[in-house]
Amino acid sequence: MALVAWTRPTFHQSYGSDQSINQTSLDKTQSTATITGLDASHFQGDIDWNTVNHDGFKFAFVKATQGTDFTDPRYQENIDALKTTKLLFGSYHFFDPSQDALQQAKFFLQVTGKKHNLPPVLDVEITAGVDKATIQQNVLQWLTFVEKEISCTPIIYTSTDYWNQNLGDKFNRFPLWIADYTTSLQRPSGVDQWLFWQNTNQAKIDGVTTLVDHDIFNGNAEKLASATCGLNP
C-alpha cells in the first residue's frame, strides 16, 4: 500500500519487476481455486475496474485516507467506478502512529462513510518513531472506534515482521491481511488464521497501467461474500 512521499520498505524478497499475475498464472502451490484481487491508490492512476473485473479478479481495496488530513485524490473516482462492477471492494486508511488515533478514525469515517461492502482496513506498516506500547494503544483505539461506529470489525493490514515486532497476540481477534512477498506465506508468530495475503507489489494486471499490489483471499467465493459487513455502498 502507499504512503505519501514515502518509499515502502521491503518486508521480504520481492518478485521481479517483470512479474505478471492473473487468474491462470498463479503458482499452484499458493492455493486451489484461488480467489484474487488487488489494492490500489492514486499512484496507480486511472484504473479500468471493469477490465480488472472481467479478467477474473473478485475483490479490490482502495486507499481512502492517511493520517488526520490526507484524502487519496482518486478515492471517490475509484469508488464510483467499482460500483459499476461486480467486484467486492473496501477502503483502507494508512495509519500514522505519531498522530492522534481517534482523529484518524473519525477522519476515515468522515471520508468513507459506508462506501464499501468489505470491512474497513487499517494499514499499519510504519512506526514514525513511536514506541511499541504507544503503537499498540493507538492502533487499538482506531480499530475499536471504527468497529463500534459501523458495527463491522476492521481488518489489520501489516507485514509479518511488523506484527511480530509491534503488534502481537492482543490483536488476534481482528482479521489479518498479511504483506509477505514470498512464494509461501510466512505467518506472524502465534497467528493461525489470516484473511488476505498480499503476495507481491509488482503485479501486472490488465486495466492497470502501473505495477500494483496483488492479493489472495483465504477461502472460496462463498466465504468472501460472507466476509462483507452488510455495508451498503
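Quantities reported herein were computed from a predicted structural model and do not represent experimental measurements.
- Judged as a salt bridge (Lys or Arg N to Asp or Glu O under 4.0 Å), not a single pair has a partner in residues 86-107 (not counting sequence neighbours).
- Counting heavy atoms from C-beta on, the side chains of L109 and F145 come closer than 4.5 Å.
- The two residues A60 and L118 make their nearest non-hydrogen contact at O-CD1, 4.4 Å.
- Between E222 atom CD and L224 atom CG the span is 9.5 Å, to the nearest 0.5 Å.
- For L176 against I155, the heavy-atom pair with the smallest separation is C-CG2, 4.3 Å.
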Stepwise, does the side-chain contact (heavy atoms from CB on, under 4.5 Å) test hold for F174 with L140?
CA-CA 10 Å; F174 294 96; L140 189 59; 4.0 Å; yes
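- For T112, the side chain to side chain donor-acceptor pair (under 3.5 Å) test picks out no residue, with sequence neighbours left out.
- To the nearest 0.5 Å, atom CD of residue Q202 and atom OG1 of residue T210 are 10.0 Å apart.
- With hydrogens and angles ignored, the 3.5 Å screen pairs no side-chain donor or acceptor of T65 with any backbone N or O of H93.
- Looking only at distances, no side-chain donor or acceptor of E147 sits under 3.5 Å from a matching main-chain atom of P154.
- Looking at N199, D39, T200, N201 one by one, the single match for side chain to side chain donor-acceptor pair (under 3.5 Å) with H214 turns out to be N199.
- Checked against side chain to side chain donor-acceptor pair (under 3.5 Å), W49 has the following partners two or more places apart in sequence or in another chain: N78.
- Shown here are the salt bridge (Lys or Arg N to Asp or Glu O under 4.0 Å) partners of E149, two or more places apart in sequence or in another chain: there are none.
- In this structure, CD1 on I216 lies 6.5 Å from CH2 on W194, to the nearest 0.5 angstrom.
- When each of F59, W163, W197, F61 is checked for a ring pair (Phe, Tyr, Trp, His ring centres under 6.0 Å) with W177, only F61 meets the rule.
- Of all heavy-atom pairs spanning N138 and A101, the tightest one is O-CB, 3.2 Å.
- E77 pairs by the side chain to side chain donor-acceptor pair (under 3.5 Å) definition with R74, not counting sequence neighbours.
- Atoms CD1 and OG1, from I205 and T36 in turn, are 7.5 Å apart once rounded to the nearest 0.5 Å.
- With K63 contributing its side chain and H42 its backbone, the two residues share no donor-acceptor pair below 3.5 Å.
- Taking 4.5 Å as the limit, every side-chain heavy atom of N218 sits out of range of all side-chain heavy atoms of L195.
- A donor-acceptor pair shorter than 3.5 Å can be found between the side chains of D180 and T182.
- Taking all atoms of both residues into account, the shortest heavy-atom contact from V212 to A40 is CG2-CB, 4.3 Å.
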Derivation of the side-chain contact (heavy atoms from CB on, under 4.5 Å) call for V62 and Y75
CA-CA 7 Å; V62 292; Y75 176 65; 3.9 Å; yes
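- Residues C229 and T153 come closest through the heavy atom pair SG-N, 4.3 Å.
- Side-chain contact check for T68 and Q99: at least one donor-acceptor pair (N or O, by modelled atom type) lies under 3.5 Å.
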Go through K132 and Q136 one step at a time and tell me if the side-chain contact (heavy atoms from CB on, under 4.5 Å) criterion holds.
CA-CA 6 Å; K132 177 179 178 178; Q136 292 182 347; 3.3 Å; yes
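- N117 contributes a side-chain N or O that, together with a main-chain N or O of F89, makes up a donor-acceptor pair within less than 3.5 Å.
- One distance of note links CD of Q198 with CG of L38; it measures 10.0 Å at 0.5 Å rounding.
- The OH atom of Y162 sits 10.5 Å away from atom CD1 of I156, with the distance rounded to the nearest 0.5 Å.
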For side-chain contact (heavy atoms from CB on, under 4.5 Å), just list the numbers for W142 and F95, CA-CA rounded to whole Å, side-chain angles, deciding distance to a tenth of an Å, and then say yes or no.
CA-CA 9 Å; W142 191 100; F95 190 70; 4.1 Å; yes
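- Partners of T134 by side chain to side chain donor-acceptor pair (under 3.5 Å), not counting sequence neighbours, listed by chain and number: D131.
- Of all heavy-atom pairs between Y157 and A179, the closest is OH-CB, 3.4 Å.
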